[in-house]
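Before any comments, here is the structure.
Order of listing sets the numbers, starting from 1, for every ligand and every atom in it. Any value given below was found using the heavy atoms of this structure, including those in side chains, with hydrogens, waters and symmetry copies removed. Index from 1, following the sequence.
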Amino acid sequence: MFKSFFIGEKEIKLPIIQGGMGVGISLSGLASAVANEGGIGVISSAGLGLLYRRKPGDYLKDCIWGLKEELRKSREKSKGTIGVNIMVALSNFADMVRTTIAEKADIIFAGAGLPLDLPSYLSTSSETKLVPIVSSARAAKVICEKWQTNYNYLPDAIVVEGPKAGGHLGFKRENLEDANYSLERLVPEVLAIATSYKDKKTIPVIAAGGISTGEDILRFIQLGASGVQIGSLFVPTDECDASDAFKQIYVNSSQSDLMIIQSPV
Ligand SMILES: Cc1cc2nc3c(=O)[nH]c(=O)nc-3n(C[C@H](O)[C@H](O)[C@H](O)COP(=O)(O)O)c2cc1C
């Protein structure tokens, strides 16, 4: 049996967060389907201007328009909890954060860099919750300390991504197989930071990266995570917003097709 948890006053009935997947992989279709099941559906803000291209040269405006459209569509399809994933590394990070807050989306998930100034975008009437994505306890600590000192605000939850989450994380290639950097090791470390603030705020910790079975979910819940964030597993679903060709590559792949590539970021 899954246990619900809270992000702010919002109860998340199914402790599964669908990871934001750009470009165009997780939009309103997948996000609303997950939200309708009681989990958190997440729209990725990465590259929306490519999908909502109106006329050449207006990429930044198209991104804002695209995000508004995807939020509107997800609200049409679901009354559940919808988040927006915004990478700190995006050149239009501020635009995407402002738009998400103005549109009153439930949650911002911000990673791929330290979102140190994220609370500065909130006003007293804002409803959007703020959830940083980290890949170390050190990053979690820096964010909590800076947010508290500068904005008197603490994260509403923290997502911890282990090396198997891939993407824009802080791991070196040699860390990937090193047990010291495993998600099983990271979750208790990040929990220790989160619970050190328990007198001020309950900060749920969400585990991500390589989670693909019920056993995996149970393992991280038993380690103290309130929920899990899952990406890849959602790609080959009917509800996923990716093209069928993209999904078929996942479906037709086997273990021997997997390789680690060096990311330019
Ligand atoms: C196709 C794809 C695109 C992704 N795009 C983003 C993104 O735009 N921003 C982000 O923070 N994480 C991104 N992620 C990471 C996911 O949100 C999630 O943390 C990760 O996939 C979890 O690991 P898993 O795929 O093993 O479940 C992406 C993952 C995939 C598979």
Side-chain angles (χ1 to χ4, degrees), residues 15-27 29-31 34 39-51 63 66-67 70 82-93 96-97 100 107-115 118 130-135 139 143 157-171 176 181-184 186-187 190 205-217 219-220 225 227-237 239-251 253 255 257-261 263-265:
I16 293 179
I17 292 96
Q18 164 253 308
M21 294 181 281
V23 171
I25 312 294
S26 74
L27 300 172
L30 180 57
V34 175
I40 303 178
V42 181
I43 295 166
S44 168
S45 62
L48 282 171
L50 299 170
L51 310 168
C63 286
L67 181 53
E70 288 302 319
I82 301 284
V84 178
N85 177 289
I86 310 175
M87 292 190 281
V88 179
L90 293 179
S91 54
N92 61 345
F93 174 77
M96 294 292 91
V97 170
T100 303
I107 306 171
I108 289 175
F109 293 90
L114 297 184
L118 192 53
L130 306 181
V131 178
I133 301 172
V134 301
S135 51
I143 291 168
I158 298 175
V159 174
V160 49
E161 290 190 339
K164 290 181 183 167
H168 313 280
L169 301 173
F171 301 106
L176 300 181
Y181 294 88
S182 68
L183 186 58
E184 284 81 354
L186 291 174
V187 166
V190 173
V205 171
I206 295 153
I211 292 165
S212 57
T213 65
E215 276 174 24
D216 290 339
I217 298 174
R219 193 165 67 253
F220 289 108
V228 293
Q229 176 177 282
I230 296 177
S232 305
L233 213 59
F234 283 112
V235 172
T237 60
E239 293 86 349
C240 175
D241 300 278
S243 70
D244 201 47
F246 187 81
K247 295 177 188 179
Q248 287 307 325
I249 289 171
Y250 275 62
V251 173
S253 294
Q255 187 82 32
D257 294 312
L258 296 177
M259 62 167 98
I260 294 167
I261 59 163
S263 161
V265 291

| For atom 11 (O) of ligand 1, the protein heavy atom that lies nearest, with its residue and separation | N85 ND2, 2.9 Å

| Where ligand 1 meets I230 - atom numbers and elements under 4.0 angstrom, heavy-atom basis | 27 (O)

| Euclidean distance, F109 CZ relative to I43 CD1, rounded to 0.5 Å | 11.5 Å

| task | Kindly confirm or rule out an N or O of G231 lying under 3.5 angstrom from an N or O of ligand 1. | result | yes

| Closest approach of any protein heavy atom to atom 19 (O) of ligand 1, naming residue and atom | E161 OE2, 2.5 Å

| task | List the closest protein heavy-atom neighbour of atom 26 (O) of ligand 1: residue, atom name, distance to the nearest 0.1 Å. | result | G210 N, 2.7 Å

| query | What's the spacing between Q229 CD and I206 CD1 if we round to 0.5 Å? | reply | 7.5 Å

| request: Identify, for atom 4 (C) of ligand 1, the protein heavy atom at the shortest distance, and state residue, atom and that distance. | output: M21 CA, 3.4 Å

| Under a 4.0 Å N-O cut-off, is there an ion pair linking R219 with D216? | yes

| task | Heavy-atom contacts with G19 under 4.0 Å: which atoms of ligand 1 show up? List them by number with element. | result | 17 (O)

| remark: The protein heavy atom nearest to atom 25 (O) of ligand 1 is S232 OG, 2.5 Å

| Any sub-3.5 Å donor-acceptor pair from D241's side-chain atoms to L30's backbone N or O? | yes

| query | Taking everything shown except F93 itself, do over 12 heavy atoms lie less than 6.0 Å from its CZ? | reply | yes

| said: Checking the side chain of Q18 only, and the main-chain atoms of V42 only, is there a donor and an acceptor separated by less than 3.5 Å? | reply: yes

| task | Note the single closest protein heavy atom to atom 23 (O) of ligand 1, along with its residue, its atom name and the distance in Å. | result | G209 CA, 3.4 Å

| query | Under 3.5 Å, side chain of K247 to main-chain N/O of T237, donor-acceptor pair present? | reply | yes

| M87 contact mode with ligand 1 (heavy-atom cut-off under 4.0 Å) | side chain

| Which option, A112, G20, G111, owns the non-hydrogen atom nearest atom 17 (O) of ligand 1? | G20

| Under 3.5 Å donor-acceptor, S45 side chain and N85 backbone | yes

| request: Around atom 18 (C) of ligand 1, find the nearest protein heavy atom and jot down its residue, atom name and distance. | output: Q229 NE2, 3.5 Å

| request: Please determine which of L186, I143, V205 meets the side chain to side chain contact (heavy atoms under 4.5 Å, CB included) test together with V134. | output: I143

| More than 12 heavy atoms from other groups under 6.0 Å of NZ on K164 | no

| note | If we number the atoms of ligand 1 from 1 as shown, the ones under 4.0 Å from a heavy atom of K164 are 26 (O)

| task | Taking only heavy atoms of S44 into account, list the atoms of ligand 1 that are under 4.0 Å away from them. | result | 8 (O)

| request: Please indicate whether any nitrogen or oxygen in G22 is less than 3.5 Å from any nitrogen or oxygen in ligand 1. | output: yes

| field | Nearest non-hydrogen protein atom, atom 1 (C) of ligand 1 | value | Y250 OH, 3.9 Å

